[in-house]
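Data first, discussion second: the structure below is written as C-alpha cells.
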Protein chains: 2
Amino acid sequence: MTDAHTSTEFVIERIREAILSGDLRPGEKLHQDKLADMLGISRTPLRTALTALTQSGLVSYESNRGFYVREFSFSDVAGAFQVRAELEATACRLAAFNMSETAERQLFELVEEGDRLLSPGSLSPENLVPYRRMNVGFHTAIMEFAANPWIKTFVESLHNVPLASDRVIMWRDFYVIRRSHDDHHRIARALAKGQGERAAAIMREHITFALEHLHTQLEEYPEDFLRVPTADTRSSKTRTRRRNRRPAA
Amino acid sequence: MTDAHTSTEFVIERIREAILSGDLRPGEKLHQDKLADMLGISRTPLRTALTALTQSGLVSYESNRGFYVREFSFSDVAGAFQVRAELEATACRLAAFNMSETAERQLFELVEEGDRLLSPGSLSPENLVPYRRMNVGFHTAIMEFAANPWIKTFVESLHNVPLASDRVIMWRDFYVIRRSHDDHHRIARALAKGQGERAAAIMREHITFALEHLHTQLEEYPEDFLRVPTADTRSSKTRTRRRNRRPAA
DNA sequence: ATTGACAATTTTGGATACATTATGTGCATA
DNA sequence: TATGCACATAATGTATCCAAAATTGTCAAT
C-alpha cells in the first residue's frame, strides 16, 4: 500500500490526511497519549511524526504545552495563493528554456486528458478525482521542467494550507473549470513556443483568479468548506489563562 | 543565554550552527549515539532535533539508515538565489502598499546604520558582524512590511542553504559592498514613494548579482568558502555497497 | 582474487519507565 | 465573591531498554 518503512512515516501520512480532510479540526489539541492509542503505536514515533509535521507547517507546537492542529486565517490562505502565483509564474519563465520534445508531449497529453474529462459538458463526480490528478500533474510538470527544486518544494508546502490545497476544486461552476482548463491550453502552447513571459502571466492570473473565486464561493456556499477559523476555537477562559501564565516563566 | 526551554530546542540550534559553520561537513553521517554523547543528552531529544532539521532542509534522512548532513550542489545554491530574488522582489511589490511612517523610518535607520559602517571607506573585520546584522535587518523588515508570512518563511529556509546563507558576505571587494548598499538606498526610497515595481526590480537584481558575484569569488578564492560538495564525500566503497543493497529490499 | 552466503556486530526504530513542567481543584484569606 | 496560594493531577520531555534492521567481517566455493 504505502511505501512507508517505519511506523513514523506511516503515521505522518495518516495525520496529514486527517488534518487536510478535516477529521482533525484547526486548533484542536493533539493529545499524545490519546492519539498514540488511537493509532496503535507508542508516543515515540507519534512525537517524531508531530515534530515533522510541525516543520512542514500543518501542526503548531509550544514547549511543554504540546501540539495543536495549526490554524490558518483567511489572510494566510490568500497569502499562500499570492506566493504560489509568483512561484509558479517563475516556474513558467524558467521552464520555457528547458522544453524538450518529451516535455512538450507530456504537457499536451495532460491537456488532452483534461479535454476528455470535460468533454461531456460537465464534470461528473466520478471524474473529479481524475481531473484533480490531471491538474496536479500539469502544475507539477511545469515546476519540474523549471529545474529549480525549491519552487516545487515550496509550492508543495503551500498545498498544506487547507483551503489552498489542490484538493479543493471549484466544481460548482462548469464555466470556471472550462476557462481554467483553457488557461492550461494556452500555457502549454506558450511554453512550447518558448514564450516564457506569456506563460508566466497566464499562470499568475490562473492562480490569482483561483483565490478570487474561492473567496466568492466561500461567501456563497460556506458549508461546502471546512470552517476557516477566523475566531478562536478554544474557550476564552483557557486563552486568558495562558496569556497570564506565560510571562511568569 | 538561549530561550530554548527544552533540550530538543537547544540541540536543534546547536546542530544547525554546526552545519552552517561547517563543523559538520556536507554528507557526513550523523551518528546518533556519538552525537548524543557529545551533546550530553540521550538519543530521544537528538532524534527529535534531527527530524526537525530534516524538514527544514539541513539534514537528509533514509529509513533505517540514519541521518546525514545534507549535500547541496552549486545548482541548488544558484536555485536558492533565483527563488529568493523572486520572493523578495514580490515582498517589495507588496510592501509598497503598506509603508507606514514607522516603516519608512525603520528602513532609513537601517540604511543610515549601513552608511556609518561603510563610511571609513572599507569594511573592517569588527564591523563585519554589525554590517551583516544590518543587512539581514533590512531584508527582513521589507518582508515583514509585505505582510505575507510565507515569503519570510521560505526565504528563511533558503538561508539554510550553506552558501546562500546571509552569513556569507562578500568582504573582499569594497566597491561591491558599496554598490550593494547603494541598492538598499534606492530600494528604501522607492518603497517610501510607493514605487513597488521599481523596488522589486532593484531587489531582484540585488540578489541576482549576489549569486553572480559569489560564483566569480568561488572561482578566484575557493579557499574562502567551505567546500561545496560537487563530488561525493563518502568513500566510493560505501557508496557502491549501498547501491547494490538497496534494490533488494 | 572474487563472489556469495552466513554469522557477529553495530545502529536504528519503537516501547516503556521516569523526571519535569503545566494544569486544575480546593481551601484559606481579604 | 474574588483572589491567591498549595497541593493533586495530568501531560509533556527525556532516559533507558528492547526489537528489528542494516552493516561488517569471515569463510568457503568457484
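We name chains A, B, ... by the order of the sequence lines, and we start the count at 1 in each one. Below, each value reflects all heavy atoms present in this structure, side chains not excepted, and no hydrogens, waters or symmetry copies.
- For A/F67 and C/dT21, the CZ to C1' distance is 15 Å, given to the nearest whole Å.
- Using cut-offs of 30° and 60° on the angle between ring planes, the pair A/Y61 and A/F67 is tilted.
- Distance CD (B/E62) to C1' (D/dA21): 14 Å, rounded to an integer number of Å.
- As rounded to whole Å, 12 Å separates atom P of D/dA22 from atom OH of B/Y68.
- The phosphate of C/dT12 (OP1 or OP2) has no side-chain N or O of B/R65 nearer than 4.0 angstrom.
- Of all the residues in residues 42-51 of chain A, A/R43, A/R47 reach under 4.0 Å from DNA chain D with at least one non-hydrogen atom.
- The environment of B/R93 atom CZ is dense: over 12 non-hydrogen atoms of other residues, nucleotides or ligands sit within 6.0 angstrom.
- With the end axes of the helix from C/dA1-D/dT30 to C/dA30-D/dT1 each set by five pairs, the angle from one to the other reads 20° at 10° resolution.
- Distance, A/Q32 CD to C/dG14 C1': 15 Å, rounded to whole Å.
- Between A/R84 and A/E156 there is no salt bridge, since none of the side-chain N atoms of the basic residue sits less than 4.0 Å from a carboxylate O of the acidic one.
- In this model, the phosphate group of C/dG14 is approached by a side-chain N or O of A/T8 to a distance below 4.0 Å at OP1 or OP2.
- One finds a side-chain N or O of B/H31 lying less than 4.0 angstrom from the OP1 or OP2 phosphate oxygen of C/dT11.
- Here OG of A/S60 is found 9.0 Å from CZ of A/F72. Values are rounded to the nearest 0.5 Å.
- Across all strands, B/K29 comes closer than 4.0 Å only to sugar-phosphate atoms, never to a base (heavy-atom distances).
- For B/R16 and B/E13, the salt-bridge test passes: some basic side-chain N is under 4.0 Å from an acidic carboxylate O.
- The six-membered or imidazole ring of A/H215 lies near that of A/F74, with a centre-to-centre distance under 6.0 Å.
- The CG-P distance, from B/N64 to D/dT23, rounds to 9 Å in whole Å.
- For the pair B/S63 and C/dT12, the criterion of a side-chain N or O lying under 4.0 Å from OP1 or OP2 is not met.
- Phosphate proximity of D/dT14 to B/S7: present, with a side-chain N or O under 4.0 Å from OP1 or OP2.
- Protein atom OH of A/Y61 is 8 Å distant from nucleotide atom C1' of D/dT12, rounded to whole Å.
- Between A/E9 atom CD and C/dG14 atom P the separation is 8 Å, expressed in whole Å.
- Residue pairs meeting the ring pair (Phe, Tyr, Trp, His ring centres under 6.0 Å) criterion with at least one member in residues 34-58 of chain B: none, sequence neighbours excluded.
- Remark: P of C/dT16 and CD1 of A/I41 are 12 Å apart, rounded to the nearest angstrom.
- Using modelled atom types and a 3.5 Å distance limit, the side chains of B/S73 and B/D76 yield a donor-acceptor pair.
- By the 6.0 Å contact criterion, CD on A/E101 is open, its count of non-hydrogen atoms from other residues, nucleotides or ligands being 12 or less.
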